[in-house]
Amino acid sequence: IQPILKPGSLKDPSVASLFSTKDPELRFSDLREIGHGSFGAVYFALDKETNENVAIKKMGFSGKQAAERWSDIIKEVGFLKKIRHGNIVEYKACYLKEQTCWLVMEYCIGSAADIVEVHKGPIFEQEIAAICQQALTGLSFIHEIKRIHRDVKAGNILLTDHGVVKLADLGSVSCSSPAQSFVGTPYWMAPEVILAMDEGHYDQRSDIWSFGITCIELAERKPPFFNMNTMSALYHIAQNEPPKLQIKSSTNEAAPWSEKFISFVDQCLRKDPEQRLSTKACLNHPFITDALPPSIILELIRRTKRVVRELDNFQYRKMRKLMYLDE
Ligand code: ADP
Ligand code: MG
């Protein structure tokens with residue numbers, strides 16, 4: 001049974017060990033916002049001690065849902081700190097300041113979603129394959145330790161300036177074992193706790209579906225049903241046949257996708273999880289095994305920066321973060 005944690009309290013030594021007690025304002029300077037989410041914002045910053053650029057995710061936990069937010073923070077930080085993998089965003093440190101957690105990570109120039117947003121047309125299939133290959137390597141590590149990422153999408157696939165792909169945003173990671181969420185003694189259990197057993201009804205393969213959708217996002221710039229409101233989209237995902245890569249593009253030319261890419265996406269997007277590829281099988285699919293070396297991603301980054309430089313003022317400001325290391 002999870003104890004109720006007092007937000008910001010470091011009495012529990014296992015919680016205290018997650019945080020540095022020093023003042024982060026003294027160590028990090030030049031903060032510039034590069035992204036945001038449900039929790040707050042992510043900043044580019046300079047670590048004055050190491051003279052390195054870092055990313056800082058500031059997560060506030062004051063106000064109404066403080067206890068819940070605090071326990072989410074403990075979960076994300078605790079998990080990130082334990083793992084280290086070349087294709088998962090690297091955790092560096094964590095600070096507490098004024099009801100805000102500063103999660104310091106290695107700096108990435110942007111996400112795969114940022115990259116496809118910059119380009120008006122599709123990026124090359126070989127570029128998509130190379131991104132997928134590395135992202136899947138990170139995902140397969142998470143699956144090996146029996147976790148589910150639960151938020152796989154292009155916005156959570158980051159790229160470093162060296163062309164390395166990093167899976168990010170481990171805030172939604174869960175244990176896959178249903179026993180974990182089925183805690184208590186049956187007769188006294190609330191209905192919603194029993195319903196939480198549903199978690200046991202999905203496993204790592206739910207990430208593979210999301211990965212297939214991510215492939216469509218990288219190829220077509222948006223996931224299927226993106227023009228609908230979320231309720232309708234959920235309905236269509238549940239009711240419709242699985243989406244496919246478009247064979248024709250919007251300009252009615254034949255889309256440039258190979259048979260192996262189409263087959264890969266098709267095998268990720270099976271409604272029956274049993275029929276989906278496993279992470280291992282994904283890594284062994286010709287779409288992935290034939291991926292070119294990571295240098296192709298460096299070329300994609302160079303090409304993307306060239307496009308950003310030519311953007312008009314308004315668009316440039318939005319995508320300027322991709323250029324911070326070059327300024
Ligand atoms: P959320 O849980 O709200 O989705 P994320 O961890 O995904 O939070 O961060 C939100 C956004 O911030 C990302 O989509 C990305 O654009 C940016 N971001 C997050 N971490 C980094 C990082 N280490 N380097 C560069 N940008 C990052
Ligand atoms: Mg995210």
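One-based numbering along the sequence shown. The model shown is predicted, which means the values in this text are computed figures rather than measured ones. Indexing begins at 1, ligand by ligand and atom by atom, following the structure's order.
Interface atoms of ligand 1 facing Val89, defined by a heavy-atom separation under 4.0 Å, are 23 (N). Counting the atoms of ligand 1 from 1 in the order shown, those under 4.0 Å from a heavy atom of Ala55 are 22 (C), 23 (N), 24 (N). Near Gly35, the atoms of ligand 1 lying under 4.0 angstrom from a non-hydrogen atom of the residue are 12 (O).
For the ligand labelled ligand 1, residue Lys166 lies outside the 4.0 Å heavy-atom shell.
Summarising the local packing, NZ of Lys271 is surrounded by more than 12 heavy atoms from other residues, nucleotides or ligands at distances under 6.0 Å. Atom OH of Tyr316 has more than 12 neighbouring heavy atoms from other residues, nucleotides or ligands inside a 6.0 Å radius. Residue Lys64 places its NZ atom among 12 or fewer non-hydrogen atoms of other residues, nucleotides or ligands, all under 6.0 Å distant. Within a 6.0 Å sphere centred on CZ of Arg302, other residues, nucleotides and ligands contribute more than 12 heavy atoms. Within 6.0 Å of the CD atom in Glu327, the count of heavy atoms belonging to other residues, nucleotides or ligands exceeds 12. The environment of NZ in Lys244 is sparse: at most 12 heavy-atom neighbours from other residues, nucleotides or ligands sit within 6.0 Å. By the neighbour-count criterion of 12 heavy atoms within 6.0 Å, atom NE2 of His236 is densely surrounded, having more than that number from other residues, nucleotides or ligands.
Heavy atoms of Met59 found under 4.0 angstrom from ligand 1: none, in either backbone or side chain. When non-hydrogen atoms are compared, ligand 1 lies under 4.0 Å from neither the backbone nor the side chain of Phe44. At a heavy-atom distance under 4.0 Å, only side-chain atoms of Lys57, from C-beta outward, approach ligand 1. Counting heavy atoms under 4.0 Å from ligand 1, residue Asp151 does not touch it at all. Heavy atoms of Ile109 found under 4.0 angstrom from ligand 1: none, in either backbone or side chain. Contact annotation: for Cys108 versus ligand 1, heavy atoms closer than 4.0 Å belong to both the backbone and the side chain.
Regarding atom 18 (N) of ligand 1, its nearest protein heavy-atom neighbour is Val42 CG1, 3.7 Å. For atom 26 (N) of ligand 1, the closest heavy atom belonging to the protein is Ile34 CD1, 3.5 Å. Protein heavy atom at the shortest distance from atom 4 (O) of ligand 1 is Asp169 OD2, 2.7 Å. Atom 23 (N) of ligand 1 has its closest protein heavy atom at Glu106 O, 2.9 Å. Summary of contacts: the protein heavy atom closest to atom 21 (C) of ligand 1 is Leu158 CD1, 3.3 Å. Looking at atom 14 (O) of ligand 1, its nearest protein heavy atom turns out to be Gly155 O, 3.0 Å. Atom 16 (O) of ligand 1 has Lys321 NZ, 3.6 Å as its closest protein atom, hydrogens excluded (heavy atom only). Looking at atom 8 (O) of ligand 1, its nearest protein heavy atom turns out to be Phe39 CE2, 3.0 Å.
Exactly one of Lys58, Arg27, Lys22 qualifies for a side-chain hydrogen bond (donor to acceptor under 3.5 Å, both in side chains) with Tyr95. That residue is Arg27.
When only interatomic distances are considered, the shortest N/O to N/O separation between Asp114 and ligand 1 does not fall below 3.5 Å.
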message: Before you tell me yes or no, could you show the steps for Asp114 and Lys321 under salt bridge (charged side-chain N to carboxylate O under 4.0 Å, His left out), namely the whole-Å CA-CA distance, both residues' side-chain angles and the distance that decides it to 0.1 Å?
response: CA-CA 10 Å; Asp114 296 327; Lys321 60 177 188 175; 2.9 Å; yes
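Using modelled atom types, one finds a donor on one side chain and an acceptor on the other under 3.5 Å when comparing Gln267 with Ser263. Using a 3.5 Å distance cut-off with no hydrogens or angles, the side chains of Thr160 and Glu106 do not pair a donor with an acceptor.
Metal site remark for the Mg ion (ligand 2): Asp169 contributes an N, O or S atom at a distance under 2.8 Å.
Using bins of under 30°, 30° to 60° and over 60° for the plane-to-plane angle, the ring pair Phe19/Trp70 lands in the parallel bin.
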